[in-house]
Amino acid sequence: MDEANNSYGEIEEILDEVEQRFRQIKKFDILPCPPFDHHFLTYDRNSKNMASGTAFRQRIEKELLLLENNLPSSILVKCYEKRIDLIRAVIVGPPDTPYVHGLFFFDILFPRNYPNCPPRLHYHSYDLDLNQYLDPKGKVSLSLLEYGSYRTNWYCGARNKWNPEKANILQVLTAIQTSILSTTLVNPNACKKDFTLTCKGMLYMLRAPPMNFRDFVEGYFRTRAHYILLNYRKQLDGSDFMRNLYLELYRAFEQNGTYCKHHLLVVLTGADLPAEEKTNSKGFVKNVGTILSDLLSWKNLASEKR
């Protein structure tokens, strides 16, 4: 076997490993330690609360068991043996919304006076101003919750106030999915904005996935790439912005191991594209000459095979 075939075999093996790791991912998993990039890692917790047998620990263990047994397939959670007060979760964007196929990551903290106070959440925004409920600074807002004289934006549902006896973290996560990420947008411009920002978020995640979730992010977009591109083509409006973002997705999915060049034929046929490829501070391609070269090379190769 020549050197080229050897290289191909190595690449194929690596891609298979990505898919295998993705298939082994659990909806609920317990890891030894929280990741260094967890938003609440340095929270000054009360270590006495963490001890076995305390009311705080018993309450959290009860809620973790609830998550383990009741999480929908569209929500994944990781918690940590040495920091039972921390969780990291990802929610898949629901179908028939601008957020379809998107991934939305949240860091969660059970504060020391939990459940008398609601859990605290931080949204991994990648500096994207997605919508009024998930802002670039990571704040999660459904509605204001008044708890005694304390007013907060952390709550267990769109219509319900936080109830320490009945509310739980599972309700928080499902409320985000069914309220924030299932919001019906009447304004077409707002819908397209949320859709394009969701797609930009996909690019950021592939470049810098949250810790403990790299295998999930890579495997997820490996399996969803074709559906995402097909859905995006329905949104194309002829603008350079929409076309260039589409090509960004194509390039990212190709680099992640999904064969996507056939999607280019629909979009780039007859397109007048620049000759060079440059990127901005976020790594986005400003023009798409290199992608066009890829397409032409692929078409020439296909012609030779005929």
Side chains of [X] and [Y] in contact at under 4.5 Å (non-hydrogen atoms):
X	Y	result
E81	I30	yes
L249	C199	yes
L76	L71	no
L134	L181	yes
L103	V217	yes
I91	I176	yes
T196	L245	yes
H226	H262	yes

Exercise: identify the closest heavy-atom pair between [X] and [Y]:
X	Y	answer
D215	F22	O-CD1, 4.1 Å
A89	L173	CB-CD2, 4.0 Å
P111	P119	CD-CA, 3.9 Å
R59	P115	NH1-CG, 3.2 Å
Y99	T198	CD2-OG1, 3.4 Å

[X]: which residues meet the side chain to side chain contact (heavy atoms under 4.5 Å, CB included) condition with it, sequence neighbours left out?
X	answer
L236	Y232, R233, M242, Y246, V267
N189	N187
D37	P35, R88, P210, M211
S74	P72, V92, Q177

How long is the straight-line distance from [atom2] of [Y] back to [atom1] of [X], given to the nearest 0.5 Å?
X	Y	atom1	atom2	value
T223	N256	OG1	CG	9.5 Å
Y220	L206	OH	CG	11.0 Å
S125	K139	OG	NZ	13.5 Å
K78	F216	NZ	CZ	9.0 Å
Y133	I180	OH	CD1	8.0 Å
K193	L128	NZ	CG	9.0 Å

Under 3.5 Å, side chain of [X] to main-chain N/O of [Y], donor-acceptor pair present?
X	Y	value
N70	L66	yes
S182	S179	no
K82	P32	no
D135	G138	yes
Y126	A208	yes
N168	E63	no
E254	C260	yes
R222	V18	no
D85	L109	no

Are [Y] and [X] connected into the same hydrophobic cluster when the rule is that any two of I, L, V, M, F, W, Y join if their side-chain heavy atoms are below 4.5 Å apart?
X	Y	answer
M205	Y227	no
L247	L230	no
V100	L130	no
I25	I87	yes

Going by the rule salt bridge (Lys or Arg N to Asp or Glu O under 4.0 Å), which residues pair with [X] if we only count those two or more places apart in sequence or in a different chain?
X	answer
D96	none
D240	R243
R224	none

Can Q255 and Y250 be counted as having a side-chain donor-acceptor contact under 3.5 angstrom?
->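 Q255 vs Y250: no donor-acceptor pair found between side chains.
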Just do the side chain to side chain donor-acceptor pair (under 3.5 Å) check on Y114 and N49 with the steps written out, would you?
-> CA-CA 10 Å; Y114 188 81; N49 278 354; over 6 Å; no
Could you give me the CA-CA distance, side-chain angles and deciding distance for M202 and I228, then say whether side-chain contact (heavy atoms from CB on, under 4.5 Å) is met?
-> CA-CA 10 Å; M202 297 176 187; I228 293 169; 3.8 Å; yes
Could D237 and K192 be called an ion pair, given the rule that one side-chain N must be under 4.0 Å from one carboxylate O?
-> yes
Is E218 salt-bridged to R214, cutoff N-O under 4.0 Å?
->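 Judged by the 4.0 Å cut-off on N to carboxylate O distance, E218 and R214 do form a salt bridge.
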Pair F253-L229, side-chain contact (heavy atoms from CB on, under 4.5 Å): steps then yes or no | CA-CA 10 Å; F253 294 153; L229 292 176; 4.0 Å; yes
H38-H124 aromatic ring centre distance below 6.0 Å =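 For H38 and H124, the ring centres are not under 6.0 Å apart.
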Kindly state each residue pair satisfying ring-ring contact (aromatic ring centres under 6.0 Å, His included) with at least one member in residues 41-86, sequence neighbours excluded.
->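 As it turns out, there is no ring-ring contact (aromatic ring centres under 6.0 Å, His included) pair with a partner in residues 41-86 once direct neighbours are skipped.
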[X]: which residues meet the ring-ring contact (aromatic ring centres under 6.0 Å, His included) condition with it, sequence neighbours left out?
X	value
F106	Y123
F28	none
H101	none

For E61, check side chain to side chain donor-acceptor pair (under 3.5 Å) against everything at least two apart and list the hits.
->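 Side chain to side chain donor-acceptor pair (under 3.5 Å) list for E61, sorted by chain: R57.
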side-chain contact (heavy atoms from CB on, under 4.5 Å) between I84 and L64, worked out | CA-CA 9 Å; I84 196 171; L64 296 183; 4.0 Å; yes
